[in-house]
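Have a look at the structure below, then the notes.
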Amino acid sequence: MWHGGAEQNVDAMIGYAVVPRDGVRMKKIINDPSTVVEESLAGLAAAHADLLRVEFDPTFVVRTDAPRPGKVGVVSGGGSGHEPLHGGFVGRGMLDAACPGPVFTSPTPDPILAATRVVDGGAGVLHIVKNYTGDVLNFETAAELAAAEDISVEAVVIDDDVAVKDSLYTAGRRGVGGTVLAEKIIGAAAERGDDLPALATLCRRVNARVRSMGMALTSCTVPHAGKPTFELGEQEMEIGIGIHGEPGRERLPLEPADAIVERLLGPVVADLPFGSGDGVLLFVNGMGGTPLMELYLAYGHVEKLLAAQGITVERRLVGNYITSLEMQGMSITLLKLDEEMVELWDAPVHTPALRWGV
Amino acid sequence: MWHGGAEQNVDAMIGYAVVPRDGVRMKKIINDPSTVVEESLAGLAAAHADLLRVEFDPTFVVRTDAPRPGKVGVVSGGGSGHEPLHGGFVGRGMLDAACPGPVFTSPTPDPILAATRVVDGGAGVLHIVKNYTGDVLNFETAAELAAAEDISVEAVVIDDDVAVKDSLYTAGRRGVGGTVLAEKIIGAAAERGDDLPALATLCRRVNARVRSMGMALTSCTVPHAGKPTFELGEQEMEIGIGIHGEPGRERLPLEPADAIVERLLGPVVADLPFGSGDGVLLFVNGMGGTPLMELYLAYGHVEKLLAAQGITVERRLVGNYITSLEMQGMSITLLKLDEEMVELWDAPVHTPALRWGV
Amino acid sequence: MAVTTQDLVTFVTAYAEVIAANRAYLIDLDAAIGDADHGENLDRGMKAAMAELADAPDEVAPAEVLRRVATALVSKVGGAAGPLYGTAFLRASGALRGKPALDAPDVVAAIGAGLDGVVARGKAVAGDKTMVDAWEPAARAAEQAVSAGTPLAGALAAAADAAEEGMRATVPLVARKGRASYLGERSAGHQDPGATSTAMLFRAMADVAARGTGGGGPAEPAGQA
Amino acid sequence: MAVTTQDLVTFVTAYAEVIAANRAYLIDLDAAIGDADHGENLDRGMKAAMAELADAPDEVAPAEVLRRVATALVSKVGGAAGPLYGTAFLRASGALRGKPALDAPDVVAAIGAGLDGVVARGKAVAGDKTMVDAWEPAARAAEQAVSAGTPLAGALAAAADAAEEGMRATVPLVARKGRASYLGERSAGHQDPGATSTAMLFRAMADVAARGTGGGGPAEPAGQA
Ligand SMILES: Nc1ncnc2c1ncn2[C@@H]1O[C@H](COP(=O)(O)OP(=O)(O)O)[C@@H](O)[C@H]1O
Ligand SMILES: Nc1ncnc2c1ncn2[C@@H]1O[C@H](COP(=O)(O)OP(=O)(O)O)[C@@H](O)[C@H]1O
Ligand SMILES: [Mg+2]
Ligand SMILES: [Mg+2]
Ligand SMILES: [Mg+2]
Ligand SMILES: [Mg+2]
């Protein structure tokens, strides 16, 4: 019923994840699937030693100046493969620490707990958690363990993906592009001195006002799997994908950019709903392998469609910020802004991936 | 001898570049190959109206505050498909204008001349030109035409690609990653008030001290061609590519990241040569479709190799900054720094793609 | 015919081997309706569990064996399966606390506690297309068999059969929990990876029980070519 | 048998048609040793040239036809080919300034001026694997034929043959100029796209000359199915 069985020699299996036995390599600049996350983090640390350092046992990324006494620590994390999220957002005015798990696998409680301890400056720690069963469960356990050490922890779950039909009886919606915006805004609020309950409330408010939807032109290859997660025909695309290379809600024939944009934007706008008079932050995100030429082209069309509905783009972000490895594709995120959010978005930030005002 | 011939009806050919007749689409978020550059630029302009505007007849990107009286205008350009280069580098402290041609085709003299006129604040204009026959010839013509209008123009040609064997009798080396560094450094020097001869001298000095080499894991698809420029096997890579999707010097079996990095870094270091005691800017660049996870992994290995040779990485840039459409691959650029270059690199810059200090 | 610490180690070892052998298969199942990591995650976790057990002194209690496995799974697997299997082993360990060796009702209690742990953490019910669809029938079958006086080996064989049946029954289901739920109707037609790894867990248990009685060195595989 | 403005328009039109028909072919040639744009660029340029000629009054001089084509190519083609062909047409136009109609030596002079323009801008010599490898033998053949008293149609046919031979001779060459030079030895074994489009230029010229004498409406294609 399943392939192989107990009679196979386990030794022959060890190292399977290393260079596949037949010498087949992937189209990736990596050495070994079993060390890709750590090697990449080592590079991040080497490149941005002024901002952050990386601990490896357990693995987390943390600001060089943590803990900051009196400041709430802001921690996020999740599987790797979404770079620059989350490690690339560690630094002044954004995350105090990030916990990267293996590729597409949420971290275990150990690194989350360790990061939580390191960034606690006495004012408690906020966990920003993307809504995936694994992330939620592991952050939950870490928070319980931290509480047992008298660290105040609040967790806010981000679930902005309108591609997933929500229901009381399901795992709910995924956390996707809205996470980047929440991390920036909450990071700025923490930097200005907001306390833990205020930050949690603000983060829930951001989550309540942000919606996203994504699509893929190609699949991606998880390093330890060694082959594309799904097969997509030359003339096909997936609509309603998340950020883990999982297939989406629908497979459709390829379409022009304008039609793709409309497929994504329609459900996003309708869901909140966004409406005439709203000021929004528009985030056009690439899935990792989509060049800026295409993202700006899409951005232009989204802005026009929004303008036609009386929705004003007050702030924007265009680029590959929350990704699925080398997947080609994009997502559109809209956040309904208020004055406070604009101010916090504009506040100085200095991280490997986002920087302004510094 | 060639396919088809004059007897074919030209009308049937018109629109070939639009949606291919059999309805075949590319894995790109675009509407129409014949308008992709303009549509993308419209999105860039919409997203960054605070920094730049785009003119369309002829096509160029220009700072909103141009011309700045007394400041030398810095203009670059070349074929499109290398985004964010050059349009994404227009703004404070970098380029005053960029002239994007069609995909991988250098612009004609018209937009270069128009941009040169618009940014001339009386102190003349510096053209930063990548060394390709087309770019050089078209910028040359534009400079002659500008001179006829009494605009002082100096042109500096960037040719940093060590993959190309240099010789008096050939087209010479290509301009690649070093262009990004030159544009940043020269932009900062222009902003502080350097005059045209000083800028040209400095730019030549940067060019003399910068070396690059690139590789591809995949080809890319030029929109109007509709299919990949070259076919690369599942287990192959191209070493010594440029930024136009052209094949490289050698086709080799895929290798681990460390081996790839060594293949690129060796010739770069040997060429200048860089040596013990040198302080460098290390630029690890993605070709458009390579995720940050891989680029940081490579960065880490480069830094280690340099350290072992006594070369210190004093500044760095990691990301997809000079690209070949959606190509997966990377390039490594080293610039031998001096104090002035460090200061100019650190100077404030505010463009769509590079921002700090502002 | 008491189950000893050594039997539990043998079982855990057998499970680690099955998971290693089926790593790619579980990745493939997860690729179809999830994110292609289930086999990789469990394999990493069970290797860590084996490392935890390698330096276990012979005199540790059965509960300690399961506690060590739980710790390894919680701290090395991550994702959804890490906390779920980790909690299952932790609760099973708790149910066996203080017992130097186990009888059939102890094993049934441990299995039941494991299921309760999965449900407590994951909030899935039968029919949601998760590992619960294999756990629940397995726990029920073991309990009924032991209540009816079936010897442990037979009860565990019944549990493994039930788990495999539950696993197969996930194929037509539309997922309501876990990552597969994001696919909506498209999740139907695929076997749940977690239910599959759970069926493997019960089959490993049954195989070890079938091989022989407690005590002594590594059990010899029985009835193999 | 003078060449008129109308003949030149017919020739430019024929060339635009050949380029349109061979757009994909020229892209493919350029993909192999360049950047896959030569066909696209020339097609865009020749369409622009046709637009420039569309509103040309009948009484413009031959030099003006070529000047308009040059302007269109310079301002619409870009890349290497734009300035090179643009300069060629501009210099050819210069060679014909003031002439209401052309005789065979005028045509030879214009071709020679065109070649000089390409060489002046591009600095390539024969054997560098560029369009010069087609231009140069074509110009030489035309000149020799006309000097030997061959009528224009025959001279241009010889030029076209020579250009095509030069084009084919680029195949084994290692490029020393243009984008193909970056490939080093790997550029050998491929036909140069620019030499190919130049051969097409001379074939279009010869075809138009063969079709008939000056004046009158669009020439009828001769000897076709
Ligand atoms: N809420 C839940 N309750 C029980 N089991 C669940 C739940 N969510 C997911 N699972 C199980 O976990 C399996 C997936 O595990 P794994 O792939 O390791 O984690 P992830 O989904 O985080 O990548 C699913 O096949 C399913 O059986
Ligand atoms: N220096 C040169 N002199 C003459 N012809 C050249 C030179 N450089 C390039 N060419 C010609 O230009 C052709 C390429 O044109 P095209 O593809 O339009 O430009 P680009 O190389 O800029 O993409 C080559 O095939 C070659 O014949
Ligand atoms: Mg996972
Ligand atoms: Mg070109
Ligand atoms: Mg999974
Ligand atoms: Mg070309």
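In the text below, chain A, chain B and the rest are named by the order of the sequence lines, each starting its count at 1.
Note: A:E234 leads A:H301, A:M327, A:E234 in heavy-atom pairs under 4.5 Å with chain B. Most heavy-atom pairs under 4.5 Å with chain B, from the set A:G87, A:A257, A:G43, A:G289: that is A:A257. Comparing A:E255, A:E236, A:M330 by heavy-atom pairs within less than 4.5 Å of chain B, the highest count is held by A:E255. Counting heavy-atom pairs closer than 4.5 Å to chain B, the top-ranked of the candidates A:V37, A:L292, A:L254 is A:L254. Per-residue heavy-atom pair counts under 4.5 Å with chain A were compared for B:V358, B:V318, B:V313, and the maximum is reached by B:V358. With chain B as partner, the option from A:H350, A:E303, A:M287, A:R315 having the largest number of non-hydrogen pairs under 4.5 angstrom is A:E303. Among B:H48, B:M237, B:H82, the residue with the largest count of heavy-atom pairs under 4.5 Å with chain A is B:H48. In terms of heavy-atom pairs under 4.5 angstrom with chain B, the leader among A:M293, A:E39, A:E83 is A:M293. Of the listed residues (B:A47, B:G286, B:P348), the greatest number of heavy-atom pairs within a distance under 4.5 Å of chain A belongs to B:A47.
Expressed to the nearest 0.5 Å, how far CG of A:L297 lies from OG1 of A:T290 amounts to 12.0 Å. We find the CD1-CG distance between A:I239 and A:L252 to be 5.5 Å, quoted to the nearest 0.5 Å. Note that NE2 of A:H86 and CG of A:L95 are 8.0 Å apart. Values are rounded to the nearest 0.5 Å. A distance of 11.0 Å separates CG in B:L264 from CG in B:L305, rounded to the nearest 0.5 Å.
Neither the backbone nor the side chain of A:N320 has a heavy atom closer than 4.5 Å to any heavy atom of chain B. The parts of A:E326 that come within reach of chain B are both its backbone and its side chain, each placing non-hydrogen atoms under 4.5 angstrom from that chain. Looking at B:L232, both its backbone and its side chain come within 4.5 Å of chain A, counting heavy atoms on both sides.
Each of A:K304, A:R316, A:E294 was compared with A:Y299 under the side-chain hydrogen bond (donor to acceptor under 3.5 Å, both in side chains) criterion, and only A:R316 meets it.
Considering all non-hydrogen atoms of both residues, A:V103 and A:V222 come closest at CG1-CG1, 4.0 Å.
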B:F283 vs B:L335, side-chain contact (heavy atoms from CB on, under 4.5 Å): CA-CA, chis, key distance, verdict: CA-CA 8 Å; B:F283 173 26; B:L335 167 64; over 6 Å; no
In sequence, state the C-alpha distance, the side-chain angles, and the governing distance for A:V349 and A:W356, and then conclude on side-chain contact (heavy atoms from CB on, under 4.5 Å). CA-CA 5 Å; A:V349 60; A:W356 54 77; 3.7 Å; yes
